[in-house]
Amino acid sequence: MDTATFLPILLGLAWLLPLASFALIVLVGPRMGRAGVMASYVATGAILGSLVCSVVALGIWVFSSPADASGPRGEHGAVASAPHEATAGGHAGEAKEHAGEAKADAGEAKADAGDHASAAEHQAQAGPPRHYTGDWYTLGRFGALAITVSYYIDALTIGMFAMVTAIATCIHFYSIGYMHDELDEVVDHEVTLSDGRHLH
């Protein structure tokens, strides 16, 4: 199965698992164990499953990305300088040497311009950033207008899926411990009701 087919399935599961757990908890949550304790495990399991799907999708995206074809620019060699002579002829040689250096600098500038041009040409040929898009379901067609349930997956989509599900999973695990005391009755001895009993 190729990346374009596999990624929508993974991210679709990552989106549907928490939605399915929400619907299940709304419908039968109070009957999930004592005080609905199993609802927390259902919700946490669903978001953990979403995290796994998102991380797998991120791994597929990263390792299937095309490698950058533009290599590092080569280093230019230093210009060799001739030894100076103390005579008038030596000054003429020095002037020639400076002229040669100026030509070499011009050649380097041309090479740099050529490098930048080829990099720009390579980027133009590469086109816009990679993405995958498609339709899951067509709700209706009205002439040229089609109302569909579609998807658009790019690097930002994958990154946000992984980040949001990771944070949400941490919150779910924290909430299980934070709300643990709510499973048992609590007696507040500092509050006395009108009949003399303490608040339960």
Side-chain angles (χ1 to χ4, degrees), residues 1-71 116-184:
M1 189 180 294
D2 61 342
T3 304
T5 307
F6 203 46
L7 282 179
I9 293 173
L10 279 174
L11 297 184
L13 280 174
W15 175 64
L16 288 173
L17 282 172
L19 185 62
S21 74
F22 170 75
L24 187 63
I25 290 167
V26 166
L27 294 175
V28 295
R31 295 194 289 275
M32 291 183 173
R34 182 172 59 91
V37 65
M38 293 305 296
S40 64
Y41 298 117
V42 169
T44 305
I47 197 66
L48 187 60
S50 293
L51 174 61
V52 170
C53 291
S54 300
V55 170
V56 170
L58 179 63
I60 290 172
W61 181 272
V62 168
F63 291 110
S64 67
S65 294
D68 187 10
S70 60
H116 289 306
S118 70
E121 184 181 349
H122 173 72
Q123 187 174 4
Q125 288 173 354
R130 187 170 56 129
H131 68 275
Y132 299 104
T133 184
D135 296 333
W136 269 328
Y137 184 72
T138 301
L139 299 173
R141 290 191 177 276
F142 307 96
L145 175 66
I147 301 175
T148 62
V149 178
S150 306
Y151 62 87
Y152 181 94
I153 300 170
D154 59 3
L156 180 62
T157 307
I158 302 282
M160 289 301 292
F161 256 96
M163 184 182 73
V164 170
T165 54
I167 293 171
T169 302
C170 293
I171 292 171
H172 276 69
F173 276 108
Y174 175 80
S175 299
I176 289 176
Y178 184 78
M179 301 297 292
H180 184 71
D181 290 342
E182 300 296 323
L183 296 174
D184 301 312

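From a predicted model like this one, the values you see are computed outputs, not experimental measurements. What's counted below: heavy atoms across the whole structure, side chains too, no hydrogens, waters or symmetry copies.
Contact check for L58 versus F161: no side-chain heavy atoms found under the 4.5 Å cut-off. Residues I158 and L7 form a side-chain contact, since some pair of their non-hydrogen atoms from C-beta on lies under 4.5 Å apart. Side-chain contact between Y151 and L11 is absent, with no heavy atoms from C-beta onward closer than 4.5 Å. P18 has its side chain out of reach of H172: every pair of non-hydrogen atoms, C-beta onward, lies at least 4.5 Å apart.
Put simply, CG on L17 and OG1 on T165 are 11.0 Å apart, with the number rounded to the nearest 0.5 Å. Atom CD1 of I176 is separated from atom OH of Y41 by 5.5 Å, given to the nearest 0.5 angstrom. Atom OG1 of T148 and atom CG of L139 lie 7.0 Å apart (nearest 0.5 Å). Note that CG of D135 and OG of S150 are 3.5 Å apart. Values are rounded to the nearest 0.5 Å.
I47 and T169 get closest at one heavy-atom pair: O-OG1, 3.4 Å. The two atoms that bring A146 and R141 nearest to each other are CB-NH1, 3.3 Å, heavy atoms only. Considering every non-hydrogen atom in both T3 and P8, the closest pair reads O-CD, 4.1 Å. Closest heavy-atom contact between A162 and L51: O-CD1, 4.0 Å. The two atoms that bring A14 and S50 nearest to each other are O-OG, 2.7 Å, heavy atoms only.
Taking the six-membered ring where the residue is Trp, W61 and Y132 present perpendicular rings, their angle passing 60° and hence far from 30°.
Of the residues L27, V28, V26, the one that meets the side-chain contact (heavy atoms from CB on, under 4.5 Å) test with L24 is V28.
In this structure, T133 contributes its side chain and Y152 its backbone to no donor-acceptor pair below 3.5 Å.
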